2 protein chains.
Amino acid sequence: MNAEERIEKARERVIEALSKNMDLYGVTPSIGRLYGILYFNDGPMTLEEMSDALGMSKTSMSTGVKTLTDLKMVEKTWKKGVRKDLYRVEEDWYETFSEFFCIKWRKGSDMNLAAIERSLTELQAVIADEESSEEVKAVAQKDIERLQQAQEYYHWLNRLVDAFETGEIFNHIPRKE
Amino acid sequence: MNAEERIEKARERVIEALSKNMDLYGVTPSIGRLYGILYFNDGPMTLEEMSDALGMSKTSMSTGVKTLTDLKMVEKTWKKGVRKDLYRVEEDWYETFSEFFCIKWRKGSDMNLAAIERSLTELQAVIADEESSEEVKAVAQKDIERLQQAQEYYHWLNRLVDAFETGEIFNHIPRKE
DNA sequence: TTATATATACAGAAAAAACTGTACGAAGTG
DNA sequence: CACTTCGTACAGTTTTTTCTGTATATATAA
């Protein structure tokens, strides 16, 4: 095996591992490999180059790159004189990690907190209602306690996200040992 | 709308929000709703009760509950005199959160680090090889640098996982404000 | 042990997602 | 302007996943 092939194989191994673990980011192995190709490529790539490299349609590259861009893992760049769109990976993986989980966690947190708050209000109304029986009130009370616990958890999650967004997390868990 | 219905609706809203956000945990909305049902139920449930509550087959409940158990979100319990398997949610969401992400992150980290280490060794061999041209060596060198950066990142991720596993994270981001 | 209840393996049906090729609109060029 | 090139919307196809019903294995009680 010559040197070029050995390098290629070394890349292939890492790309394969990468793409297998990208499901953590909710990304299919195909898109994972796309990311891997972009990761090892010197400089940005066009949709056509990706298409050639992976043997997949340009349409798939377009949607794949869109997914990765939405996840802030890839960004569009621009080079003078080049008409085609160019894309490159966000090289800072700490940033990629934070961006991804912050977006997801914050979204989940917001949605669930909103639902919880509305439901808490309603349950409190049930308890305040003169017509509610004692049994019903007890059920409502139990749900309220459950939801308050959940609320506390989501507030914690929000603070965790804050720590990632501000970079404060790196004071606690430093980048280098 | 009577009180029971209002409570039911309050639960429904939260379950819906929960299940929509469970894709973060790589779980389908169906299984998310199953989790929600278990979450609000007082005491553990049998497969049959889940089946009735969701209007889905018992087979689906069996596989769904297995998924949730693997994720440590649900656990099997036992009650004297009850022959059926009983399941209940892990109530501590901090624990659920940590368990899930630690398992996933650690797995990804291990796999990728293993691939990276093997490839690094190979690339170093390419550089050491007398027969390699200067251009090839430069490419290998560039890849080595990339992989070393990745390695550093994964070491950080491992330390982050450690902080969750030991509970040290709660010293930095306390559960209550 | 037998009778009975319970959970899961498996095959097939239904639903969802991934992927492709074509077509069309937008953007750049002469 | 006309002409070319590029990216993506869309429809259709293939692949994968989800879900169900049946059949079988396992466990419990008498």
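What you are looking at is a predicted structure, and each value in this text was computed from that prediction instead of being measured. Proteins get letters first, then strands, A, B, ... in listed order; numbering begins at 1 in each.
- Relative to the ring axis of A/Tyr94, A/Arg175 places its NZ or CZ within 45° and under 6.0 Å from the centre.
- Here the P atom of nucleotide D/dT28 and the CG atom of B/Asp85 are 9 Å apart, to the nearest Å.
- Regarding B/Lys76, its NZ atom lies at a distance of 11 Å from the C1' atom of C/dT8, rounded to whole Å.
- Using a 4.0 Å cut-off on heavy atoms, the residues of residues 37-65 of chain B that approach DNA chain D are B/Met56, B/Ser57, B/Thr59, B/Ser60, listed by number.
- Between the P atom of D/dT28 and the NZ atom of B/Lys80 lies a distance of 15 Å, rounded to the nearest Å.
- Across the protein-nucleic acid pair, A/Lys84 atom NZ and D/dG7 atom P stand 7 Å apart, rounded to whole Å.
- Checking B/Leu86 against A/Ser30, the closest nucleotide of DNA chain C that is more toward the 5' end is the one next to B/Leu86.
- The CG atom of B/Leu18 sits 13.0 Å away from the CZ atom of B/Arg11 when rounded to the nearest 0.5 Å.
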Original post:
Where do B/Val74 and B/Leu34 land on the side chain to side chain contact (heavy atoms under 4.5 Å, CB included) test, with the steps shown first?
Top reply: CA-CA 10 Å; B/Val74 160; B/Leu34 172 58; over 6 Å; no
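- Using a 4.5 Å cut-off between side-chain heavy atoms of Ile, Leu, Val, Met, Phe, Trp and Tyr, with links allowed through other members, B/Met56 and B/Ile15 fall into the same hydrophobic cluster.
- One can place NZ of A/Lys66 at 17 Å from C1' of C/dA17, the figure rounded to the nearest angstrom.
- Here C/dT6 presents its P atom at 13 Å from OH of B/Tyr87, a figure rounded to the nearest Å.
- Note on A/Met111 and A/Trp105: separate hydrophobic clusters, where clusters join Ile, Leu, Val, Met, Phe, Trp and Tyr whose side-chain heavy atoms are under 4.5 Å apart, directly or indirectly.
- Across all their heavy atoms, A/Asn21 and B/Gly108 have their closest contact at ND2-CA, 3.2 Å.
- Each of A/Lys9, A/Arg13, A/Arg6 was scored for a side chain to side chain donor-acceptor pair (under 3.5 Å) with B/Glu122, with one residue passing: A/Arg13.
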**OP:** Carefully, step by step, assess B/Tyr25 and B/Phe101 under the rule ring pair (Phe, Tyr, Trp, His ring centres under 6.0 Å).
**Re:** CA-CA 8 Å; B/Tyr25 291 90; B/Phe101 287 106; 5.6 Å; yes
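- Put simply, CZ on A/Arg83 is 8 Å from P on C/dG28, counting in whole angstrom units.
- Computed from coordinates, the B/Trp78 CH2 to C/dA7 C1' distance equals 18 Å when rounded to whole Å.
- Taken over five-pair windows at either terminus, the axes of the helix from C/dT1-D/dA30 to C/dG30-D/dC1 are inclined to one another by 30° (rounded to 10 degrees).
- When all heavy atoms of B/Glu90 and B/Lys72 are compared, the pair lying nearest together is CB-O, 3.8 Å.
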